[in-house]
Amino acid sequence: MKPRRMVGYAKITEEPALMSEQTAASSANAESRASEETSAPETSAEEIFEQKLVRLEKRDRLNEAGDLAGGAYPVAVPVTATIPAVRAKWGHLEAGAESGETVGIAGRVVFQRNTGKLCFGTLQAGNGERIQVMVSLAEVGEESLAAYKELVDLGDHLFVSGEVISSRRGELSIMAREWQIAAKAIAPLPNMYADLNEETRVRQRYLDLIQREQARRNVVTRARTMASLRQTFADHDFIEVETPMLQTMHGGASARPFVTHSNAFDTELFLRIAPELYLKRAVVGGLERVFEINRNFRNEGADSTHSPEFAMLESYQTYTDYNGIADLTQELIQNAALAANVGTEREGTHTVEWADGTLFDLGGEWERISMYGTLSEAAGREITPGTSVDELQKLADAEGVEVHLPNHGKLVEELWEHFVKDGLTRPTFVMDFPVETSPLTRHHRSIPGVVEKWDLYVRGFELATGYSELVDPVVQRERFVEQAAQGAKGDVEAMGVDEEFLRALEHGMPPSGGMGMGMDRLLMTLTGLGIRETILFPLVK
RNA sequence: GCCCCUAUAGCUCAGCGGUAGAGCUACGGACUUUUAAUCCGCAGGUCGCAGGUUCGAUCCCUGCUGGGGGCACCA
């Protein structure tokens, strides 16, 4: 599909002179042109792009006609009102009424209904709101009406100036006194009443946005969510920073990085997998409440919940811990839900509606459960950080849970997922993880073998994770050294010893709580959509 | 990385071992109140690409490429 399109496009751009000659010479005689085509195989572009050629010819005519309609791509048109504004002001005009007011509006032609002496068109604004325009022989004259019918196609941007009226059937309309092409569409508008197939939706998102209300809504929800997060942070005196995406060392998470090369430094560079190590430097420097919303890149599998590039929120707050940062996280998400609901019937509530119609309540206090506690309860036996690997392995075998490279921590996590995770429907903070699975995290202040970490589970996936941050530079160095040893053994996800970061930490980082949250996943939580729908332009091959 | 499904007109989709069909779009015509306007007429396709089987392949087989889903890994 794609290669053929590319070939065709190349043909078009290579032969502009030929085509305009041809189309100008034969505009009144499609049949003779067609027979010329068959005898001239080098111009076979027409066979593939008949509709485009027709429109290219109209573009030429518009440009040659000069003031007939101002050319195909005027630098400006005298718009005096937006389609939504006209609707808001005159939406309740009674059928057949005339407002006496003249406006100039522009929009994309999405439907046409032309009769002999009266043409109707439907113009669509960027937000999807529509208004009818009428072009009547009595108002614009014979020449203008004929030009309208010949030159205006579905998909064109059209400017119309005229009186705001309501048609006999009560449709709010602009009765044109003047009209002008605002931008000629050369490519035909897709069918407006059948959704594009999924691939086209993603590859040509602009068509999806023109065509599908849900696509437009997703973009708005995402923007509002981002604005809401920033507002909540601002309300708590956080400041936003941007840290490097190109890094000489990758770190801050266990993940395989993308590798690139700097010509200037003649060195290997990594696209960041997490901003953590830079944000912590910022905290050392005195940015006591700091956050970043930006892209991370992970060279791993892609599916309905994972994209190679994804937007991530990370924040750090001094003089709080993983409990304090859980409070903040809940507030951030609940405010985002409020923002997503603005203008809907659920305005003012934390209950969001997913694309499939499911209502999901994000309100109230979210439960904080202990990983070991809930696992013990569900398994019907006491499981603690002291439970032996043997005993855990027996339980796993009995339950049919397979664990790759089992150790205490992995067994506990896998068993917890098996016994508890699927039962979680409400947003839930799962607290206190086994130390083996979180080597970069601070040990629990009172429970040995456990770290002060939580995962926030929503819809069965991890939406966010929070920590009481490890700030001891000596312990941090030990952990890096262990990681580097793993790397030497071939673990592609292991990070190296980041001396620059350690130097910062040696200057003292205050006790802090830290949190990371996937933005695309937050949008999935608020909309119920897959990750490819929440990202405007997902990576496609 | 493994398994399954899928690719047909500008768009959305049928279809079948005997070289393709619908709706909308496009093109020609009629129509001064339409709402996906309607009516009449008429075009448009290397059936993803490359091989193979066959008298004959869009259809069956193999490989490749793109897309979707599942498993594994990860946020």
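Just the heavy atoms: all of them, side chains too, but no hydrogens, waters or symmetry mates, feed the values below. Here the structure is a predicted model, which means the values were calculated and not measured. A, B, ... follow the sequence lines: proteins, then strands. Residue 1 opens every chain.
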Suppose you measure atom [atom1] in [N] against the same atom in [M]; what distance do you get, rounded to whole Å?
N      : M      : atom1 : result
G17(B) : A57(B) : C1'   : 7 Å
C27(B) : U6(B)  : C1'   : 33 Å
A14(B) : C24(B) : C1'   : 15 Å
A50(B) : G1(B)  : P     : 25 Å
A30(B) : A20(B) : C1'   : 32 Å
U38(B) : U33(B) : P     : 16 Å
G63(B) : C3(B)  : P     : 10 Å
U53(B) : C5(B)  : C1'   : 24 Å

Roughly, in whole Å, what's the span from [atom1] in [X] to [atom2] in [N]?
X         : N      : atom1 : atom2 : value
Lys541(A) : C64(B) : NZ    : P     : 12 Å
Glu50(A)  : C11(B) : CD    : C1'   : 14 Å
Asn191(A) : A36(B) : CG    : P     : 13 Å
Lys149(A) : G29(B) : NZ    : C1'   : 11 Å
Glu199(A) : G10(B) : CD    : P     : 15 Å
Gln132(A) : U33(B) : CD    : P     : 12 Å
Ile131(A) : U33(B) : CD1   : C1'   : 16 Å
Asp195(A) : C11(B) : CG    : P     : 15 Å

Categorize [X] for me: base, sugar-phosphate, or nothing, with a 4.0 angstrom heavy-atom threshold over every strand shown.
X         : answer
Met134(A) : base
Leu463(A) : nothing
Leu207(A) : nothing
Phe461(A) : nothing
Ser166(A) : nothing
Arg256(A) : nothing
Ala138(A) : base

Under 3.5 Å: donor-acceptor pair, side chain of [X], backbone of [Y]:
X         : Y         : answer
Ser307(A) : Phe310(A) : no
Lys184(A) : Leu151(A) : yes
Arg298(A) : Ile273(A) : yes

Can you tell whether the side chains of [X] and [Y] come within less than 4.0 Å, N to carboxylate O?
X         : Y         : answer
Arg87(A)  : Glu171(A) : yes
Arg442(A) : Glu452(A) : no
Glu213(A) : Arg216(A) : yes
Lys280(A) : Glu276(A) : yes

Going by heavy atoms in the side chains, are [X] and [Y] under 4.5 Å from each other?
X         : Y         : answer
Met245(A) : Leu271(A) : no
Leu313(A) : Phe233(A) : yes
Leu523(A) : Leu529(A) : no

As a test of the definition: with a 90° window around 0 for syn, would you call U19(B) syn or anti? syn
If you find the nucleotide of RNA chain B closest to Glu462(A) and the one closest to Lys58(A), which residue's nucleotide is nearer the 5' end? Lys58(A)
Closer to the 5' end of RNA chain B via nearest nucleotide, is it Leu118(A) or Leu539(A)? Leu118(A)
Under the side chain to side chain donor-acceptor pair (under 3.5 Å) criterion, do Glu469(A) and Tyr467(A) qualify, and how do the steps go? CA-CA 5 Å; Glu469(A) 293 299 335; Tyr467(A) 305 90; over 6 Å; no
Enumerate all atom pairs, one protein N or O and one N or O from nucleotides 37-39 of chain B, separated by less than 3.5 Å.
unit_1: A37(B); atom_1: OP1; unit_2: Gln112(A); atom_2: O; d: 3.0
unit_1: A37(B); atom_1: OP2; unit_2: Arg113(A); atom_2: NH1; d: 3.0
unit_1: A37(B); atom_1: N6; unit_2: Asn114(A); atom_2: O; d: 2.9

Could you tell me how the ring of Trp366(A) sits relative to the ring of Phe429(A): parallel (under 30°), tilted (30 to 60°) or perpendicular (over 60°)? tilted
Candidate nucleotides [options], ranked by approach to the side chain of [X] - the nearest:
X         : options                : answer
Met175(A) : C11(B), G10(B), U33(B) : U33(B)
Arg203(A) : G66(B), U32(B), C27(B) : G66(B)
Pro188(A) : G10(B), C11(B), A36(B) : G10(B)

Please confirm whether the shortest side-chain N or O distance from Thr200(A) to OP1 or OP2 of G10(B) is below 4.0 Å. no
Ranges pairing with ranges for RNA chain B, where each run has three or more Watson-Crick or G-U pairs under 3.5 Å: B:1-7 with B:65-71, B:10-13 with B:21-24, B:27-30 with B:38-41, B:48-52 with B:60-64
